[in-house]
Protein chains: 2
Amino acid sequence: MNTHPFYAILFSVYLFKVNIFMNISPPPITSKDVAKLAGVSQSTVSRVFISGSSVAEKTKKKVFEAAKTLNYRPNAFARSLTTSESKLIGLVFPDADYPIHMKTLQLISSELQKIGYSAVLIPWMVNEQEQHSIPNIFQYRVDGVIAASATLNKSLYEECEEFNIPIVQFARVVEGTKGSHVISDNYAAGQIAANHFYHCGVKSAAYLTGNVPTFTNDERNAGFSSEFEDLTGQKTCVIEANYDYLDSLEMIRTFLSENKNTDGIFCATDNLAMALMDIARLEFGLRIPEDIQVIGFDNVPQTEWLNYQLTTFKQDFKRLARESVKIVIDHITKKETSLVKLMIPATLIERKTTQYKR
Amino acid sequence: MNTHPFYAILFSVYLFKVNIFMNISPPPITSKDVAKLAGVSQSTVSRVFISGSSVAEKTKKKVFEAAKTLNYRPNAFARSLTTSESKLIGLVFPDADYPIHMKTLQLISSELQKIGYSAVLIPWMVNEQEQHSIPNIFQYRVDGVIAASATLNKSLYEECEEFNIPIVQFARVVEGTKGSHVISDNYAAGQIAANHFYHCGVKSAAYLTGNVPTFTNDERNAGFSSEFEDLTGQKTCVIEANYDYLDSLEMIRTFLSENKNTDGIFCATDNLAMALMDIARLEFGLRIPEDIQVIGFDNVPQTEWLNYQLTTFKQDFKRLARESVKIVIDHITKKETSLVKLMIPATLIERKTTQYKR
DNA sequence: CTGAAAGCGCTTACAG
DNA sequence: CTGAAAGCGCTTACAG
């Protein structure tokens with residue numbers, strides 16, 4: 001992997017500027033302007049834009065019309081200042097470019113949109129130096145936080161507690177934090193994987209995982225190993241590699257060369273599963289599923305690729321998103337004052353890296 | 001791909017609730033509280049939190065101390081209401097779970113963080129039905145918008161124009177919109193690809209692209225075809241497939257079976273390149289790079305995988321993020337009133353799908 | 001350098 | 001159902 005100086009001559013930065021006519025912004029339209037045009041008081045205009053207020057139909061119509069002609073939008077800052085609700089939910093996401101998260105972000109933000117909330121990004125742990133700085137967005141007093149980062153920063157947590165901001169953890173549980181969470185049923189997924197391996201005739205199974213221990217991961221392993229032992233009487237072993245594809249290779253290599261009789265590996269992530277597949281096939285000449293069977297977790301797009309066709313678990317992210325939004329809103333509105341711990345089943349997607357034998 | 005009813009018995013939803021003590025939120029600390037404790041006026045407190053105001057060092061210290069003991073945070077809503085600046089930048093992102101975008105989001109939001117701004121998500125085109133609804137977040141009057149969606153909704157654009165909100169397009173240019181943008185130098189990248197193929201002895205080259213025509217893509221193709229023709233006298237051909245891996249397969253298959261002598265393919269995305277590699281190897285028994293050479297675009301993590309080792313282009317996202325933030329801020333502060341069109345070079349990363357022959 | 005006061009654009013009791 | 005008025009927590013001329 002190198003860049004050839006040869007091409008350097010072609011490199012340069014082009015910058016075009018085009019003069020455009022920049023309007024001076026007209027003074028923004030306020031409820032007063034609308035009131036004047038509609039011939040009502042400012043408070044009436046305000047009421048029209050609050051659902052549930054008692055306003056005569058006729059008045060409502062007049063106001064909406066005036067608002068439309070003036071292109072009026074209520075100023076959320078003024079509203080938030082008086083109501084002390086921001087209608088903003090902070091989102092904390094991992095910086096790993098894990099493809100699953102972008103879709104999740106979209107799901108959550110559109111769920112929020114539906115109920116009148118908006119999503120703001122909380123950049124966390126982006127820079128080691130400014131680790132202790134409070135993200136600017138906290139000045140806006142988000143009403144709640146949804147966190148999908150595996151390494152939830154402790155200070156974020158304390159910040160939320162300090163200001164009594166409800167926080168719900170999405171698809172993961174961070175050790176040492178108490179708070180609501182909605183996750184997939186990892187223990188059951190582990191059981192299902194073991195069960196599937198059993199029906200595929202796997203005799204010697206292993207769980208391939210990353211380097212950072214997480215609650216969800218431990219659960220999966222626990223379900224897997226206990227179920228596999230129940231069914232076969234065999235203990236499973238654990239391979240601790242690395243969540244990064246490239247960094248996991250060496251550990252997988254070592255394991256495969258030392259454990260020739262392992263014929264079924266359940267992997268903590270699809271990326272690990274695909275690393276395993278690549279090494280097994282390219283370096284050990286193993287056939288999948290004939291020589292070794294593989295189950296992944298996540299159902300990333302690559303699992304469907306011709307070269308992989310990986311049997312894996314699909315998490316119900318749509319449901320996870322919907323539930324996490326519901327929970328955080330219930331906390332905000334005090335409809336729910338208890339911690340909520342919700343588990344959603346994950347589904348096994350059978351492709352071609354496993355094969356029934358009995 | 002199917003789910004076995006067999007496992008249905010294991011499926012169920014678990015829900016735990018734990019009663020927790022929910023504090024009634026104490027009245028929030030305001031600048032008045034700080035003023036009282038520090039023995040100064042409220043306006044002085046306000047000044048202390050505005051950089052550049054002239055406040056005596058001694059006063060400043062007193063105020064900071066008082067603020068710290070009370071755990072005071074200025075209320076951004078009140079500030080925004082008076083200054084009519086939100087310090088919020090809206091981010092429009094594609095819903096495709098393209099791994100590159102998550103990292104980009106992080107880069108942009110941390111750049112914004114540095115200069116006192118925050119990123120809010122603008123969910124766009126999430127639901128076909130509510131296409132015309134204005135995202136809630138617009139009630140907060142974002143100061144600017146950074147859009148990385150290839151299919152920038154027209155109404156978003158009009159919304160921004162209506163309210164005079166500067167918008168900069170990130171890494172792509174949407175047809176029919178005028179606005180600032182910062183993109184990679186796609187034409188030059190096309191030239192570099194052609195040049196590289198030439199030095200790798202490619203005789204008959206093609207450009208493999210998706211179904212949606214985009215400006216950046218056309219540029220890349222133009223640079224590629226003109227440079228390749230200049231160097232070899234040969235015209236290149238274009239294969240129009242699909243940006244989705246699975247949907248692209250059939251077109252690639254057809255092309256490969258009809259064009260046996262093509263020995264170099266430049267692909268609009270890495271995903272297309274890897275789809276091509278999978279089909280070429282698994283279905284046509286072609287060796288890469290011996291029989292056919294491949295160049296991708298994006299440098300997604302999978303390009304480094306053992307099975308691919310794809311020669312590809314890496315866009316300088318860090319720089320793109322920094323520049324797009326700079327441009328949008330310059331527009332907001334009126335430091336820049338012209339449209340800015342900035343191009344950043346992309347770098348060829350040579351791996352194992354191409355090989356020098358001369 | 002500092003304080004008193006007006007004002008940003010809303011919501012919300014309070015009357016009527 | 002509607003209006004007048006107070007108040008949310010800041011910033012910012014204006015004096016001093």
Side-chain angles (χ1 to χ4, degrees), chain A residues 25-64 66-67 70-88 116 136 138-143 163, chain B residues 25-64 66-67 70-88 116 136 138-143 163:
Chain A
S25 321
I29 303 299
T30 71
S31 56
K32 241 182 200 159
D33 301 317
V34 178
K36 194 181 291 175
L37 182 62
V40 298
S41 74
Q42 181 272 329
S43 26
T44 297
V45 174
S46 176
R47 280 192 197 94
V48 169
F49 284 91
I50 297 167
S51 66
S53 300
S54 58
V55 186
E57 270 311 313
K58 217 176 146 184
T59 318
K60 217 178 237 176
K61 213 178 139 193
K62 270 196 301 186
V63 171
F64 275 136
L70 294 177
N71 214 335
Y72 166 72
R73 302 242 190 297
N75 182 323
F77 296 117
R79 170 165 50 64
S80 292
L81 188 57
T82 49
T83 62
S84 56
E85 280 183 342
S86 67
K87 299 278 182 183
L88 254 27
N136 308 318
F138 268 103
Q139 300 185 351
Y140 287 95
R141 279 115 215 258
V142 295
D143 290 335
F163 289 95
Chain B
S25 320
I29 304 298
T30 71
S31 56
K32 240 181 201 162
D33 302 317
V34 178
K36 195 181 290 174
L37 183 63
V40 297
S41 75
Q42 181 271 331
S43 26
T44 297
V45 175
S46 175
R47 280 193 198 93
V48 169
F49 286 90
I50 297 169
S51 67
S53 299
S54 58
V55 186
E57 269 311 313
K58 217 174 146 185
T59 318
K60 218 179 235 176
K61 212 178 139 193
K62 269 196 303 186
V63 170
F64 275 137
L70 295 177
N71 214 335
Y72 166 72
R73 303 243 192 297
N75 182 323
F77 296 117
R79 171 165 49 65
S80 292
L81 189 57
T82 50
T83 61
S84 55
E85 281 183 342
S86 67
K87 299 277 182 184
L88 255 26
N136 308 317
F138 269 104
Q139 301 184 351
Y140 287 96
R141 280 116 214 258
V142 295
D143 291 336
F163 290 95

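Just the heavy atoms: all of them, side chains too, but no hydrogens, waters or symmetry mates, feed the values below. Reminder, nothing fancy here: chain letters follow the sequence lines and each chain counts from 1.
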Which pair of heavy atoms, one from A:Val48 and one from A:Lys60, lies closest together, and at what distance? CG1-CG, 3.9 Å
What does B:Ser80 touch in the nucleic acid at a heavy-atom separation under 4.0 angstrom: a base, only the sugar-phosphate, or nothing? nothing
Heavy-atom nearest nucleotide on DNA chain C for B:Leu81 versus B:Ala56: which residue maps closer to 5'? B:Ala56
Which atoms form the tightest heavy-atom contact between A:Val63 and A:Val40, and what is the distance? CG2-CG2, 4.0 Å
Between B:Arg141 and A:Pro74, the two heavy atoms sitting closest are NH2-O, 3.9 Å
Separation between CG of A:Leu37 and NZ of A:Lys62, rounded to the nearest 0.5 Å: 10.5 Å
Go ahead and write out DNA chain D as dot-bracket, 5' to 3': ( ) for pairs within the strand, [ ] for ones crossing earlier pairs, | when the partner sits on another strand, dots for unpaired; Watson-Crick or G-U wobble, both distances under 3.5 Å. |||.||||||||.|||
Measuring only between side-chain heavy atoms, which start at C-beta, is B:Asn75 closer than 4.5 Å to A:Leu81? yes
Go through residues 43-50 of chain B and report each residue with a non-hydrogen atom lying under 4.0 Å from DNA chain D, sorted by number. B:Ser43, B:Ser46, B:Arg47, B:Ile50
Could you list where the contact with chain B starts and ends along DNA chain C, reading 5' to 3', using a 4.0 Å heavy-atom cut-off? C:dC1 to C:dG9
Using the closest heavy atom to pick a nucleotide of DNA chain D for each, name whichever of B:Ala78 or A:Thr82 lands nearer the 5' end. A:Thr82
side-chain contact (heavy atoms from CB on, under 4.5 Å) against B:Ser41, all qualifying residues, sequence neighbours excluded: B:Ser43, B:Thr44
Contact class for A:Ser31 (heavy atom, under 4.0 Å): base, sugar-phosphate, or nothing? sugar-phosphate
Taking for each residue the nucleotide of DNA chain C with the nearest heavy atom, is it B:Val55 or A:Arg79 whose nucleotide lies nearer the 5' end? B:Val55
Ignoring hydrogens, what is the shortest heavy-atom contact between A:Phe77 and B:Leu88? Give both atom names and the distance. CZ-CD2, 4.5 Å
Test side-chain hydrogen bond (donor to acceptor under 3.5 Å, both in side chains), reference A:Gln139, set B:Lys87, B:Arg79, B:Arg73, output is B:Arg79
A:Tyr72: what forms a ring-ring contact (aromatic ring centres under 6.0 Å, His included) with it, not counting sequence neighbours? A:Phe49
Could you grab the distance from atom CD of A:Glu57 to atom OG1 of A:Thr59, nearest 0.5 Å is fine? 9.0 Å
Qualifying residues under side-chain contact (heavy atoms from CB on, under 4.5 Å), relative to B:Ile50, sequence neighbours excluded: B:Ser46, B:Ser53
